[in-house]
Visitor: 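I'd like to ask you about the structure that follows.
Counting from 1, the numbers follow the sequence of the chain as shown. Quick caveat, the model's predicted, so the values are computed rather than measured.
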Amino acid sequence: MEVPKEADVVLYVLVVGFHHKKGCQLEYAYPPFPKLRTSPTTTTEASPGLIPLGENAELELPDAWKHLPSLGIPDGAHKYQSDTIYFHLPSLVDDSRTVFGISCYRQIDADKLLKKDSDVTRETVQKSVCVISRLPLYGIIEAKLALITHAYFEELDFSKVQLLEDTYNQLNESLNEKLLMESQIFVGLSVRDLVLRFKHRVLILFKLLLLEKRVLVYSSPVKLLSSSIISLISLFPEMVEHGLVESACHGPDIPEDHTGDATEPLSTPILDDKPQLSFVSEMDLLEEINSALTMTDDTATPLDFSKSHLAMNIESFDEPPTSDVGNSSPSDGQMPGDVASVVSESVTRQVKTFPVRPSLTKKDEYGFPLEVFTKGYICHPYLSLAYYDLVNDPSIPGFLVGATNQLFLHHHKKFADALVDVAEGKVEVYSPNLKLQLHLTKEDLRFADYVVKMVIDENSRDDVFHGTGWEGGEEWVRSQFRIYLMSMLGTSSHCSALDKNQKLVLDSYNYAFISAWRKTKNFRIWNENAPAKMDEFPIG
């Protein structure tokens, strides 16, 4: 039995069909799955991996992939003659990694088939040809798979599977990891269409992802849905190429043998052996100090909030104060006793949080991709109704998932922080705090309006080259969001809200957003592991 090789990009070529009694089921797999269960009466010499129509046989799917057929043929597929689906699955070899599915769906009139099984009782036959890939080469594989699917249906005999076996071999000969470094990786992922559809709200979506919330995206057909989700992700540098490795992993990044309290520090090295003090959100700490100062005597000596001085004062909290707190007085810039108590409690509370360790191994010199889709924060460009329990799972810290079934909209406010309607270009946010955090400042709106204007101007060109220019083009839009993200990272990392001038800079991005973002794992990991080119991140 042939099994996928470790170096192969394509792991499997599959055929999913719709059975009028059994629903969606896997009919073919190449290379074959390890087990094939059939009834004792089945005596057929079919091609490896083929399920002969009409026989009581089915491929036994691994438990992690038991709902794969419902991803290959999406909910409501009968409404469309054809569709394309992007989906994610956990790897069968390493459940901490993700594999990427691309499915081309078609339906054909049953009367046209040269070989029709007795189980075909409806007027149309619905099938999908799927490719499971080790790399996120969505559009590249889709372009090739669409031609293969068309040719497979043109045979008018679905038992002819040699074409699919050849597809597996040819794809593995032509696809390699070098494609991750080329612009081809964004084929079929139009950020221009995203901007035209959502206008300035595309910036709200961009910032919403950074906050690692529970986001449900709804639309139909699936092609529009899943490609829009991946297009949004492609606005983040290196995210499609290297940032989706854990996107289908549904558990937090906690060692299985760690059974202690969540506040108990791990014995493994943390973030290049940086001191635990680096886990404290400095801005939260300083703001608590500032709040405490407002309750002290107005004549108190101003405190020195430099990092070195702050660290010195924090270290002194290892020993309890010897004098009465109420009688303490500041001298030489030292903290008053009651303020020191606030800081001590804050440090104690925040330092003993579970460490945030980097998960992604491939990052560039700027620290990209940001670790959004790691440690249980999942991304599924399409989920069928079979996964409804997944989005309701309270153990999942957050998600970005797409759905076409309207049943996902029932009670969605109970499990989602935001609903995105791709077809309408709308974003609904329910929490007042989240609305405040996602409010776009005038500087945000100026940036968003500039991007929208350039895209619209490029789209309105009458010549055959419209949409291919630099300004307003695909690469230009991604470059603008890269600049925006780098500026926001630099500002968030270097500016203090306690400095009036720096606070104005923070306000230009909405300080409520910045404050919330600083608490997320993607910012903390980036900030606590300063990238090599940190000096290239602008402020403001």
Visitor: Can you tell me if Glu443 has over 12 outside heavy atoms packed within less than 6.0 Å of its CD?
Guide: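 Yes, the 6.0 Å shell around CD holds more than 12 heavy atoms from other groups.
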Visitor: Please check: side-chain N/O of Glu371 versus main-chain N/O of Leu360, any donor-acceptor pairing under 3.5 Å?
Guide: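 Judged by distance alone, yes, a pair lies under 3.5 Å.
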Visitor: Are any of the side-chain heavy atoms of Leu216 and Phe415 separated by less than 4.5 Å?
Guide: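 Touching, per the 4.5 Å side-chain cut-off.
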Visitor: Taking the six-membered ring where the residue is Trp, are the ring centres of His412 and Tyr430 under 6.0 Å apart?
Guide: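 So the answer is yes for these two rings.
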Visitor: After noting the C-alpha distance and the side-chain angles of Asn527 and Ser493, does the key distance pass the side chain to side chain donor-acceptor pair (under 3.5 Å) rule?
Guide: CA-CA 7 Å; Asn527 191 49; Ser493 180; 2.8 Å; yes
Visitor: Considering all heavy atoms of both residues, which atom of Leu407 and which atom of Tyr388 are nearest to each other, and what is their separation?
Guide: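 Smallest interatomic distance, heavy atoms only, reads O-CE1, 3.8 Å.
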Visitor: If you take all heavy atoms of Thr84 and Ser226, which pair is closest and at what distance?
Guide: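 Scanning both residues, the minimum pair turns out to be O-OG, 4.1 Å.
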Visitor: Within the 4.5 Å heavy-atom criterion, are Cys495 and Ile539 side-chain neighbours or not?
Guide: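 In contact.
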Visitor: Quick one: does Ile456's side chain get under 4.5 Å of Leu196's, heavy atoms only?
Guide: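 The answer is yes; the side chains approach within 4.5 Å.
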Visitor: For the residue pair Asn522 and Thr520, confirm or rule out a side-chain donor-acceptor distance under 3.5 Å.
Guide: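 Side chains of Asn522 and Thr520: pair found under 3.5 Å.
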Visitor: Does any part of the side chain of Val202, heavy atoms only, come nearer than 4.5 Å to the side chain of Val452, both counted from C-beta?
Guide: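 The answer is no; the side chains never approach within 4.5 Å.
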Visitor: For the atom pair CG (Leu385) and OG1 (Thr404), what is the distance rounded to the nearest 0.5 Å?
Guide: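 OG1 of Thr404 is found 9.5 Å from CG of Leu385.
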Visitor: Which distance, rounded to the nearest 0.5 Å, do you find between the CG of Leu370 and the CZ of Phe523?
Guide: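 Separation between the atoms: 9.5 Å.
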Visitor: Decide yes or no on side-chain contact (heavy atoms from CB on, under 4.5 Å) for Leu438 and Val427, but give the supporting numbers first.
Guide: CA-CA 11 Å; Leu438 294 175; Val427 182; over 6 Å; no
Visitor: Between Lys521 and Val372, is there a donor-acceptor pair closer than 3.5 Å when you use the side chain of the first and the backbone of the second?
Guide: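 Pair found, side chain donor or acceptor close to backbone of Val372.
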Visitor: Taking atom NE2 of His411 as the centre, does the number of heavy atoms from other residues, nucleotides or ligands within less than 6.0 Å exceed 12?
Guide: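 Incorrect, the count does not exceed 12.
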Visitor: Donor-acceptor pairs under 3.5 Å, side chain of residues 479-490 to any protein atom, not counting sequence neighbours: which ones?
Guide:
residue : atom : partner : partner atom : Å
Ser479  : OG   : Trp476  : O            : 2.6
Tyr484  : OH   : Asp444  : OD1          : 2.6
Ser487  : OG   : Ile483  : O            : 3.0

Visitor: Would you sort out whether Val477 and Glu458 count as a side-chain contact (heavy atoms from CB on, under 4.5 Å), showing the intermediate values?
Guide: CA-CA 11 Å; Val477 173; Glu458 174 65 15; over 6 Å; no
Visitor: Would you mind reporting whether Met534 and Trp526 have side-chain heavy atoms less than 4.5 Å apart?
Guide: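 Contact flag for Trp526/Met534 side chains = yes.
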Visitor: Do the side chains of Leu209 and Tyr377 get nearer than 4.5 Å, heavy atoms only?
Guide: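 A side-chain contact exists here, since the closest heavy-atom pair is under 4.5 Å.
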Visitor: Quick one: are Leu89 and Leu71 in side-chain contact, heavy atoms under 4.5 Å?
Guide: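 A side-chain contact exists here, since the closest heavy-atom pair is under 4.5 Å.
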Visitor: Test Thr374 against every option in Ser359, Pro369, Ser247 by the side-chain contact (heavy atoms from CB on, under 4.5 Å) rule and name the one that passes.
Guide: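 When side-chain contact (heavy atoms from CB on, under 4.5 Å) is applied between Thr374 and each of Ser359, Pro369, Ser247, only Ser359 qualifies.
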Visitor: If you measure only the distance, is there a donor-acceptor pair under 3.5 Å linking the side chains of Glu246 and Ser96?
Guide: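 No.
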Visitor: So, does Thr491 use its side chain to make a donor-acceptor pair with the main chain of Gly540 at under 3.5 Å?
Guide: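 Yes.
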Visitor: List the atom pairs, with distances to 0.1 Å, where a side-chain N or O of residues 232-242 and a protein N or O form a donor-acceptor pair under 3.5 Å, not counting sequence neighbours.
Guide:
residue : atom : partner : partner atom : Å
Ser234  : OG   : Ser231  : O            : 2.6
Ser234  : OG   : Arg478  : NE           : 3.1
Ser234  : OG   : Arg478  : NH2          : 3.1

Visitor: Would Leu434 and Val429 satisfy side-chain contact (heavy atoms from CB on, under 4.5 Å), going step by step from the backbone distance to the final call?
Guide: CA-CA 7 Å; Leu434 186 56; Val429 178; 3.5 Å; yes
Visitor: Is it the case that more than 12 heavy atoms not belonging to Glu536 sit under 6.0 Å from its CD atom?
Guide: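 More than 12 heavy atoms, drawn from other residues, nucleotides or ligands, come within 6.0 Å of this atom.
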Visitor: Would you indicate whether Lys362, at its atom NZ, is surrounded by more than 12 heavy atoms from other residues, nucleotides or ligands within a distance under 6.0 Å?
Guide: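 No.
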Visitor: Specify the closest pair of heavy atoms between Leu225 and Ser219, including all atoms of both residues, with the distance to one decimal.
Guide: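 Minimum heavy-atom separation between Leu225 and Ser219: CD1-N, 3.8 Å.
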Visitor: Between Pro136 and Phe100, what is the shortest heavy-atom contact and its length?
Guide: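 Reported closest heavy-atom pair: N-CD1, 3.5 Å.
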Visitor: Would you give the length of the straight line joining atom CG of Leu135 to atom CD1 of Ile185, rounded to the nearest 0.5 angstrom?
Guide: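 Between atom CG of Leu135 and atom CD1 of Ile185 there are 8.0 Å.
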Visitor: Could you walk me through whether Lys375 and Glu212 satisfy the salt bridge (charged side-chain N to carboxylate O under 4.0 Å, His left out) test, starting with their C-alpha distance in whole Å, then the side-chain angles of each, then the deciding distance to 0.1 Å, before giving a yes or no?
Guide: CA-CA 11 Å; Lys375 304 183 188 302; Glu212 301 174 5; over 6 Å; no
Visitor: Nearest 0.5 Å, what's the NZ-CG distance between Lys500 and Asp507?
Guide: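 Here the interatomic distance stands at 13.0 Å.
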Visitor: Are Arg134 and Glu177 within salt-bridge range, i.e. N to O under 4.0 Å?
Guide: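 Salt bridge: yes.
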Visitor: Measure centre to centre between the rings of Tyr382 and Tyr86, then say whether the value is under 6.0 Å.
Guide: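 Centroid distance Tyr382-Tyr86: not below 6.0 Å, so no.
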Visitor: Checking side-chain contact (heavy atoms from CB on, under 4.5 Å) for the pair Leu440/Asn510: CA distance, chi angles, key distance, verdict?
Guide: CA-CA 7 Å; Leu440 297 183; Asn510 182 353; over 6 Å; no
Visitor: In Å, rounded to the nearest 0.5 Å, how long is the span from CG of Leu445 to CG of Asp449?
Guide: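 If I round to the nearest 0.5 Å, the distance is 6.0 Å.
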Visitor: Looking at every heavy atom in both Arg357 and Ile525, which two are closest together, and how far apart are they?
Guide: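 Smallest interatomic distance, heavy atoms only, reads O-CD1, 3.7 Å.
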Visitor: Is there a side-chain contact between Asn405 and Ser384 in this structure, where contact means two heavy atoms from C-beta onward sitting under 4.5 Å apart?
Guide: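 They are not in contact (no side-chain heavy atoms under 4.5 Å apart), so the answer is no.
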Visitor: Taking all non-hydrogen atoms of both residues, which atom of Ile396 and which atom of His250 are closest, and how far apart?
Guide: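 The pair with the smallest heavy-atom distance is CG1-O, 4.4 Å.
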Visitor: Any side-chain to backbone donor/acceptor pair from Ser508 onto Val505? Under 3.5 Å, distance only.
Guide: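 Answer holds: yes.
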Visitor: Could you state the interatomic distance from CG (Leu179) to CD (Gln184), rounded to the nearest 0.5 Å?
Guide: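 Spacing of CG (Leu179) from CD (Gln184) equals 5.5 Å.
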